[in-house]
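Fair warning: this is a prediction, and the values are worked out from it, not measured in the lab. Each ligand, and each atom within it, is numbered from 1 in the order the structure gives.
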Amino acid sequence: MNEIRIFSPATVANVACGFDVLGFCLDSIGDEMVIRKTDKKGIHMVHVEGFDLPNETELNVAGVSALAMYEVLNVDFGFEIEIYKNIKPGSGIGSSAASAVGSVFGMNELLGRPFNKTQLTEFAIKGEALASKCEHADNLAPALFGGFTLVKSVSPLQILEIPTPADLYATIIHPQIEIKTSESRAILPKEVALSDAITQWANVGSLVHALHTCNYDLIKNALHDVIIEPHRSKLIPYFNSSKAAALNAGALGCGISGSGPSIFSLCKGLETAKRVKEALSEVYSKTEIDFEIYVSKINTEGVKILN
Ligand code: HSE
């Protein structure tokens, strides 16, 4: 096999209470990429389509993660990368992670899978860091592993896979404004009150337990963020009315997807997820802000081969 086409999915990081550690993988939204072996040594970005992104290898997220892997390979050939981007950069649903994951996943497949998923995440972190100016893996891990993941630590990298209850769906609204991850990290406080920390880690533990036991009431009870959301929600117009509308339409919980501006809701069942979609559309269609809206099953497979 000399060439493959892959689907690299969008992801939701943080999942309300799990800033920088929790994430889950989406099904219906993602990028396509083609990875090809070539006689010419090195990593070559031959086509970047969809958004205005750099096509120099060292400046492209997919190129940088591919280079991180290529440096540890001892091969007398190279790789070409084509990217067909659907996930808008700065949307909060893991655009850079999808690019970073796609190149290393595709190369690994063409090489006969010498690396495991945690090792692939290590390479992809280098690409993600180019975009967000810090090394974190809460979008990368769900894109590679699928389902829900928890990044126990980045150094050494330790990723835990968390089961996905079968009836869980996500509704994502993406207001068409751009929020840079680096900027939305810069506004966060350096210290938090102990009482907030206690609430937050109780929620993270409860959410993980709820996912393991398919306890939808407990998912609902745990999907709260008392530390990050109060700061970042100020960057997202109509966040509070959207959240109220989603919860009123039956969502188990609603919060900022990654660093925003996308807003995610988790729902029990497809019908509820569709009702939440209607409710959120109604909020934003009364405003001056354009938006995209998606309903997605949780993708338990992650990045995958298309051909
Ligand atoms: N955990 C990261 C953040 C995800 O919220 O800043 C965005 O890349």
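Ring geometry, Phe264 versus Phe24: the interplanar angle exceeds 60°, so the pair is classed perpendicular (tilted spans 30 to 60°).
Two residues are said to be in side-chain contact when any heavy atoms from C-beta on lie closer than 4.5 Å; Thr121 and Glu128 fail this criterion.
Heavy atoms of Thr181 found under 4.0 angstrom from ligand 1 belong exclusively to the side chain. If you look at Ile228 next to ligand 1, there are no close heavy atoms at all, none under 4.0 Å. Counting heavy atoms closer than 4.0 Å to ligand 1, residue Glu128 contributes nothing at all. With a 4.0 Å heavy-atom cut-off, ligand 1 is reached by the side chain of Arg232 but not by its N, CA, C or O.
Taking every heavy atom of Gly258 and a limit of under 4.0 angstrom, the matching atoms of ligand 1 come to 5 (O). Every atom of ligand 1 with a heavy atom of Asp20 under 4.0 Å away is listed here by number and element: 1 (N), 2 (C), 3 (C). Residue contact check: Asn139 has heavy atoms under 4.0 Å from atoms 4 (C), 7 (C), 8 (O) of ligand 1. Distances below 4.0 Å separate heavy atoms of Phe19 from the following atoms of ligand 1: 3 (C), 5 (O), 6 (O).
Using a 4.0 Å cut-off between charged side-chain N and carboxylate O, Glu49 and Lys85 make no salt bridge.
By the criterion of side-chain heavy atoms lying less than 4.5 angstrom apart, applied directly or through intervening Ile, Leu, Val, Met, Phe, Trp or Tyr residues, Leu59 is not grouped with Val46; the two fall into different hydrophobic clusters.
In this structure Asn299 satisfies the side-chain hydrogen bond (donor to acceptor under 3.5 Å, both in side chains) test with no other residue, sequence neighbours excluded. By the side-chain hydrogen bond (donor to acceptor under 3.5 Å, both in side chains) test, Tyr238 pairs with Glu288, sequence neighbours left out.
Among all non-hydrogen protein atoms, the one lying nearest atom 6 (O) of ligand 1 is Arg185 NH1, 2.6 Å. From the protein, the heavy atom lying nearest to atom 4 (C) of ligand 1 is His136 CE1, 3.6 Å.
Under the 6.0 Å cut-off for aromatic ring centres, His174 and Tyr294 do not qualify, their centroids lying 6.0 Å or more apart.
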